[in-house]
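A quick write-up on the structure given underneath.
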Amino acid sequence: MKRAGCSCALFLYLCAMRRWVVICCLVLGLAACTEPWDIDLNAGSRRLVISGAVGTIPDTYAVCVTHTQDFLSDAPYQGVEGARVTINGVLLQPDTAMSGRYLTAPGFAAEPGTTYLLEVWLDDDGDGVEECYSASAVAPPVVPLGSLALMPLTTSTAFKALPASTLIAFPDPVGPNFYGAHLYVTTAQDSSGVYRTLRYSDIPDKYITNMFSSTVEDGSMIYYPAFMLGRHLTLASGDSITLFPFDTLTVELNNHTEAYFTYISQLQTASSGSNPMFMSPSGEFTGNISGGALGAFGVYGASRASVPVAYTPDTWEDEEMRQRFGSGWKSKFSPAP
Amino acid sequence: MSKVWRWIGWLLVSWMAMEAQAAVLEGHLYDAETQEPLAGAYVYLMELRSGAVTDADGYYCIQVAKGSYTLQLTYVGYDSQSSPLVVDRDHLPLDFRLHASDEMLDEVLVQSISDRRRLDQANIGTEKFSMGEIRKVPAFMGEVDVIKAVQLLPGVQATSEGSSSFSVRGGAPDQNLILLDGAPVYNASHMMGFFSVFNNDVVEDALLYKGDVPATQGGRLSSLMEVTTSDALPDKFTGRGGIGLISSRLKLATPIVKERLGFWAAGRVFYAGMFLPLSRREGVRNARMTFYDVNAKLEARLSDKHRISLSGYAGQDYFALKTLGSFDYANRTATLRYTAVVNPRLTINTALTGSWYDYTVQGEISSLTGSWQADIADYGLRHEYAWQVDTHNMLKMGVSTSFKLIDGGHAEMIYDEQADPLAIDIPRERCMESALFVQNDQHYGRWTLQYGLRFSWFNNIGPQEELLLTDGRVTGKKSYGKGDFYHTYWNFEPRLSAAWQFRHDMSLKAGYSRTTQYLHLVQTSSAGTPMDIWRAANTNLRPAVCDQLSAGWMWDFHQDTYQLSVELFYKWLQNQCDFKDFASVFLNEEVDAEFLQGRGRSFGAELMLRKDIGRLTGWVSYTFCRSLRTIEGINQGREYKSASDRPHNISLVLNYDFGWIDLGATWVYATGQPLSAPDTRLYFADFGYPAVIPMYSGRNQYRMPDYHRMDLSVTFHLNKGVKKRYDHDLNISLYNVYCRHNAWMVRFNSDPKTGQQSAEKTYLFSIVPSVTYNFYF
């Protein structure tokens, strides 16, 4: 059988199928309910966690240094400050907006084929001696995105622009490849016409869910429904935006190094599923940071493609279109073919 | 010298004289009204203090010296018969018919084999249910279910709330061999395990061996459950059925040629899905679900010595979610059996079986339409001889073989613009599992022995591409051609059990068995899902082996009204499978690399006090059972609790027969299921917004809340105890009477606003009432 499609798309699709088997189970328990449960967990040991990845598109990238906490702890997020973090000897600067994050210079871009060495110097054990926690990764090649289309989710909603998925297509190079995808939304929310570009996949779950590998369909043309979107999107900041016609969706395909991809996939396994049913066994995360720290450092090749959101009559309410485009909005649109 | 020859001559003559005086008493026992053979009835000769037990066809055979005796026939729930018997011929064929007792219109709550039989029975941990008993156990949604009744026995534990999957003496759910008329059932559940595939209207009896499996059977480590369908040649057209809130059923039986050819068919349909559109939850409103199943049997008695039967089962479950797709799975079995009574001492049974299980998931997302299928097919042949050597020895020997085709998964997807679909295929496995067995059941005075040897072997058959693994990582593949027997495992499986009835009311028992399992069930949930797949032993996956030692003591007291039993067991397990951390088992062509194998042990004690006679019947049981695993690479190589480790289990089952009302009550308690829970958390903040990720340091180091619930039922016999052509009753039952919120699963959540972590349990049922109207004609 000719393999001219996407195993990863198949995988995502089948994972969705598997999830709704869970729904079936809950449906069967027509009176199924949830309630809080007090569980007495052991105190965990405090571990250092270092993670981060840099890409080939010029941008500011981050490496995060934190400690683990007891699972039921009330403590808020607190990063590790005072670490000396370098990539190939270049010092990263602490993020003033968020402790424990160390930023590259703006416009940093990795070169495919180049080795990047992360070093984090820190006296974590308080013995007065700084230990070095390090990892290295070779930047993978950029895998160019062939195309991006906005596809209706089901045939029953095919007459609407949204909900839809951003279907990407690209040729997978021979050899194992490990992919992730970011989604950028360029939008203006009202008729003042100020466009902003926001990254939707800053919510880790949005990014992690869309990670896939091509170990099975190596070297094939890949079609992948990267993000499934409705009209309203909730960002990592908690703000909500509405997608409108003329907004642009940009998908960035990331070709990761294996260690970082594996680490993120394990985070996904640990954070999903319901115990003890429907959950793959989880354990201590594996990574490539030396010195006994958890976490991983990676490099990824990145490419982007964009698609505008088209107008269809039944997708948006009259009032929201009026707010976005003004009272004469109808004259600006003819329905998409 | 002449004196010696005289003695020898005397002995020879005496022996010949004795042989000449020996006679064979044989025949069948039947229910006087339904003509159903009574299996497990006792044919006892008072003067000899010995007798025989009828087999599955109601057949018995006793070798006795000619003379006069008092013959006693007993079968619990039936009027005993005692009559003088003169044996004056070499061969005395005698059939008997027993009447159901007027005091108990149905069988007692837990019949088991008659108490006297249990005392001298060599097998430890054997339980038998008949149809009537199962009906009296309060049932979930009013659906009487043999598996749910079995789960109330000591040493048997449901894997989760409402599940048809069960664990026996700490074993995993896939370690139970479930046979329907001799055909294996690979997924004995409907509706994700809430109901079993066994329609109680067609079940004659169910026999459970909790590890002390006879040498005549094998293939699983923990237990053997033999479910036998009604084996009757009805003398008139009869029917039975029920109408309930969520399902209905009907069984019809008819003679085709009187006493020679008969047929019955039964069906069930589940329609609770029609209530889904009434739900407030949109996800539930858009769902569809149903199941049906059909059983049928054609039986021909060619002569008194030859019988042939063809039985089958087909069932299917269907779920659909409007916006996503559909999911269905199906079970089918078929058994063709031929029984020949060659002579009063020798019976030959030959059976051809077929068993099929498959599931399909299909749906659509964004112009991508796809499907995913997997299946298993099992074709078996069994040929067995049962030879009553003499009054003390019953020898069974035979051969069995089965060919299995396991398709671990075929996924296919088509994108609108593609000409050809994309496919992922888990390589199909072909294998053959065979065995030679010999077993002797021996009875001498107060001793009963059962010993045997099973020699089993397993072949992997090409074409196949096997993984080469080094330290758990795939380093290559090796190809085998079509028809190549490229790998063989074999094992000797000795079985030995003994019972010593040192007092008329007490017995001691002991047993040893070795069992081997060549198939592993790939599942990531303790309760199992219909999408779990079977995986055959191969170069990388060694067969699992279990050595079990058991001992027991039984005491019948208060004029055999009560029976107290204590059983102890210890199991040593080899090559137990479990998944690595972060195993990828979903459509993984290299799934063998996700397994790790190691050793395990289970041990425990079972106490049971039962009362089978009188208006109040039932039992109370307590089981202590630990089930532990040690597998390098899991839990840092330290011993950990298996998913079946639930140390304490209590069952209380009571039934009171008022005549035209039966009251039933059950109460069950079990230690909570093992649970992997996160000790720590880390923050993932690579994109600028911290997300909490739970981190698990060990496997199954915690437990879910303990499980307990009470069920009640009342059955009104609407004919007020009077037998009529049309009989009917109304059953009202309450499941989980005091609304215990038993956890079904646990999630660990993070509050997006505060970042606070919490645990949340999902429970399935509060109190669930049901009403079922049953009829019989």
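Order of the sequence lines sets the chain letters (A, B, ...), proteins ahead of strands, with each chain counted from 1. Heavy atoms only: backbone and side chains are in, while hydrogens, waters and symmetry mates are out.
Contacts between A:Leu150 and chain B at a heavy-atom distance below 4.5 Å are absent for every atom of the residue. Residue A:Asp40 touches chain B through its backbone alone, counting heavy-atom pairs closer than 4.5 Å. A:Leu267 touches chain B through backbone and side chain together, each having a heavy atom under 4.5 Å away. At a 4.5 Å heavy-atom cutoff, the contact between A:Ser73 and chain B is made by backbone and side-chain atoms alike. Heavy atoms closer than 4.5 Å to chain B are found in the side chain of A:Tyr263, but not in its backbone. The parts of A:Pro204 that come within reach of chain B are both its backbone and its side chain, each placing non-hydrogen atoms under 4.5 angstrom from that chain.
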Per-pair distances, 0.1 Å, donor-acceptor, side chain in residues 43-55 of chain A, under 3.5 Å, sequence neighbours excluded:
{"residue": "A:Arg46", "atom": "NH2", "partner": "A:His67", "partner atom": "ND1", "Å": "3.2"}
{"residue": "A:Arg46", "atom": "NH2", "partner": "A:His67", "partner atom": "NE2", "Å": "3.1"}
{"residue": "A:Arg47", "atom": "NH1", "partner": "A:Glu284", "partner atom": "OE1", "Å": "3.1"}
{"residue": "A:Arg47", "atom": "NH2", "partner": "A:Gly292", "partner atom": "O", "Å": "3.2"}
{"residue": "A:Ser51", "atom": "OG", "partner": "B:Asp686", "partner atom": "OD1", "Å": "2.7"}
{"residue": "A:Ser51", "atom": "OG", "partner": "B:Asp686", "partner atom": "OD2", "Å": "3.4"}

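In this view, A:Asn42 and B:Tyr702 satisfy the side chain to side chain donor-acceptor pair (under 3.5 Å) rule, not counting sequence neighbours.
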Walk me through whether B:Leu675 and A:Ile39 qualify under side-chain contact (heavy atoms from CB on, under 4.5 Å). CA-CA 11 Å; B:Leu675 173 76; A:Ile39 179 173; 4.2 Å; yes

Test side-chain contact (heavy atoms from CB on, under 4.5 Å) on B:Leu682 and A:Phe285; report intermediate values, then the result. CA-CA 11 Å; B:Leu682 61 80; A:Phe285 304 121; 3.6 Å; yes

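For the pair A:Ser201 and B:Phe687, the minimum side-chain heavy-atom distance is 4.5 Å or more. Counting heavy atoms from C-beta on, the side chains of B:Phe582 and A:Thr269 come closer than 4.5 Å. Here the side chains of B:Arg681 and A:Asp70 are not in contact, with every heavy-atom distance at 4.5 Å or above. Using a 4.5 Å cut-off on side-chain heavy atoms (C-beta onward), B:Val692 and A:Tyr77 make no contact. Residues B:Tyr683 and A:Cys64 are not in side-chain contact: their nearest non-hydrogen atoms beyond the backbone lie 4.5 Å or more apart. Within the 4.5 Å cutoff, side-chain heavy atoms of A:Glu35 are placed close to those of B:His741.
Pairing each heavy atom of A:Arg101 with each of B:Ala685, the nearest pair is NE-O, 3.1 Å. The minimum heavy-atom distance linking A:Ser271 with B:Ile693 is given by the pair CB-CD1, 4.2 Å.
We find the CG-CD distance between A:Leu72 and B:Gln757 to be 7.5 Å, quoted to the nearest 0.5 Å. Rounded to the nearest 0.5 Å, atoms CE (B:Met704) and CH2 (A:Trp37) are 7.5 Å apart. Taking CD of A:Gln268 as the reference point, atom CZ of B:Phe684 lies at 11.0 Å (rounded to 0.5 Å).
More than 12 heavy atoms of other residues, nucleotides or ligands sit less than 6.0 Å from atom NZ of B:Lys761.
If you tally non-hydrogen atom pairs under 4.5 Å between each of A:Asp202, A:Asp38, A:Thr68, A:Thr66 and chain B, the highest count goes to A:Asp202. With chain A as the partner, the residue from B:Ser758, B:Ala691, B:Gly688 showing the most heavy-atom pairs under 4.5 Å is B:Gly688.
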